[in-house]
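Here's the structure we're looking at; comments come further down.
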Amino acid sequence: MATSTILMVDDEVEIIQLMNIYFKNEGYKLLQASNGLEALEILQSQQVDLIVLDVMMPKMDGLQACMKIRETNPIPIIMLSAKGQDIDKISGLSIGADDYVTKPFNPLELIARIKSQLRRMNLFNSVRANANEIHIENIVINVASHTVTVDQQEIKLTPREFTLLHTLAVNRGKVLSMDHIYEEVWNEPFMESKNNVMVQIRKLREKIEVNPREPRIIKTVWGVGYKIENDQTARGE
């Protein structure tokens with residue numbers, strides 16, 4: 001599991017030194033800054049997974065830094081402040097902070113809140129990545145990068161082959177007729193071009209099927225068209 005990098009922004013050196021002990025125990029890497037300007041410089045040059053941001057600091061305070069960070073970066077931000085009134089918490093959260101901890105705080109509570117925010121961000125990234133991928137048995141179609149892997153090995157598809165596979169994949173469980181496939185893949189009206197579809201299906205099967213003569217993925221529905229089953233373990237004809 002990759003080490004998470006925490007940027008702690010606070011002009012109280014003792015607090016950063018104390019938290020560094022807890023961060024090391026959790027396997028986190030610590031980056032530190034004493035004001036918002038330093039934090040912005042670090043974010044431009046280094047990968048950071050979460051920011052612990054104090055409100056009261058010289059040069060650029062935490063509220064200003066939070067607003068600036070939020071212009072371009074969705075990174076989790078936990079605000080720290082000696083002010084405990086509800087209005088101060090609301091102010092911090094309303095400008096983009098994800099959580100708010102009042103000083104003095106229990107280091108274990110801050111660690112727990114950090115873990116919670118990291119879990120949430122990891123889940124968000126996982127969902128976002130999965131939205132760009134379609135999994136069918138041993139095949140992964142990455143829509144964002146226009147790549148296809150079979151048994152974790154990338155295979156080369158032509159743009160038309162990729163569009164054909166993607167069209168069938170996003171319509172799993174549905175039988176797509178020859179004319180529907182042609183119009184989707186060739187992006188033009190169907191003009192008795194069944195042979196073109198059949199040729200592309202054959203070429204695609206040769207690249208993604210273990211045995212193209214007995215396809216598991218792309219099934220033929222005789223007299224109608226082709227489909228990919230919702231039940232991904234079903235064999236094709």
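None of the values given here were measured: they were computed from a predicted structure.
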Any side-chain heavy-atom pair from Asp11 and Pro58 closer than 4.5 angstrom?
yes

Heavy-atom nearest pair, Thr5 first then Val48, reads O-CG1, 3.7 Å

Are Lys219 and Glu229 close enough for a salt bridge, meaning some N to O gap below 4.0 Å?
yes

Under a 4.5 Å cut-off applied to non-hydrogen side-chain atoms, are Ile218 and Ile208 in contact?
yes

Might you point out which heavy atoms bring Ile114 and Phe23 nearest each other, and give the distance in Å?
CD1-CE2, 3.6 Å

What I'd like to find out is whether the side chain of Pro76 reaches to under 4.5 Å of the side chain of Ile51, using heavy atoms alone.
no

Between Glu206 and Lys203, does at least one N-O distance fall below 4.0 Å, as a salt bridge requires?
no

Check whether more than 12 heavy atoms from other residues, nucleotides or ligands sit under 6.0 Å from atom CD of Gln152, and answer yes or no.
no

Measure from the side-chain N and O atoms of Asn171 to the backbone N and O of Thr167, and report whether any donor-acceptor pair falls under 3.5 Å.
yes

Is it the case that the side chain of Glu184 and the backbone of Leu164 share a donor-acceptor pair, with hydrogens and angles ignored and the cut-off at 3.5 Å?
no

Report yes or no: does Asn142 contribute a side-chain atom to a donor-acceptor pair with the main-chain N or O of Ser145 at less than 3.5 Å?
yes

Considering all heavy atoms of both residues, which atom of Pro215 and which atom of Glu209 are nearest to each other, and what is their separation?
CB-OE2, 3.2 Å

Looking at every non-hydrogen atom in both residues, tell me the closest pair between Leu37 and Lys59 and how far apart they are.
CD1-CB, 4.1 Å

Tell me whether Asp98 is salt-bridged to Arg70, with the criterion being a basic N under 4.0 Å from an acidic carboxylate O.
yes

Measure from the side-chain N and O atoms of Arg172 to the backbone N and O of Ala169, and report whether any donor-acceptor pair falls under 3.5 Å.
yes

Are the side chain of Ser116 and the backbone of Ala112 linked by a donor-acceptor contact shorter than 3.5 Å?
no

Approximate separation, where rounding is to 0.5 Å, of Glu133 CD and Ile139 CD1
13.5 Å

Would you confirm whether Lys227, through its side chain, and Leu168, through its main-chain N or O, come within 3.5 Å as a donor-acceptor pair?
no

Say whether, by atom type as modelled, one donor and one acceptor occur between the side chain of Gln64 and the main chain of Asp61 under 3.5 angstrom.
yes

Hey, are Glu26 and Lys115 close enough for a salt bridge, meaning a charged N less than 4.0 Å from a carboxylate O?
yes

Could you walk me through whether Val150 and Lys207 pass the side chain to side chain contact (heavy atoms under 4.5 Å, CB included) test, one step at a time?
CA-CA 9 Å; Val150 177; Lys207 293 183 178 182; over 6 Å; no

Tightest non-hydrogen contact, residues Thr102 and Ala82, listed as CG2-O, 4.2 Å

For the side chain of Glu161 and the backbone of Thr158, is there at least one donor-acceptor N/O pair under 3.5 Å apart?
yes

With heavy-atom distances below 4.5 Å as the criterion, would you say the side chains of Leu31 and Met8 are in contact?
no

Under the side chain to side chain contact (heavy atoms under 4.5 Å, CB included) criterion, do Asp49 and Ile75 qualify, and how do the steps go?
CA-CA 7 Å; Asp49 297 298; Ile75 186 173; 5.7 Å; no

Do Ser81 and Lys103 come close enough that some side-chain heavy atom pair is under 4.5 Å?
no

Is there a side-chain contact between Tyr226 and Val175 (heavy atoms, below 4.5 Å)?
no

So, does Asn106 use its side chain to make a donor-acceptor pair with the main chain of Leu108 at under 3.5 Å?
yes

Any side-chain heavy-atom pair of Pro107 and Leu18 under 4.5 Å:
yes

Main-chain N/O of Ile78 paired with Gln117 side-chain donor or acceptor, under 3.5 Å:
no

For the pair Met178 and Ile181, evaluate side chain to side chain contact (heavy atoms under 4.5 Å, CB included) and give the outcome as yes or no after the intermediate values.
CA-CA 5 Å; Met178 293 280 198; Ile181 292 173; 5.8 Å; no

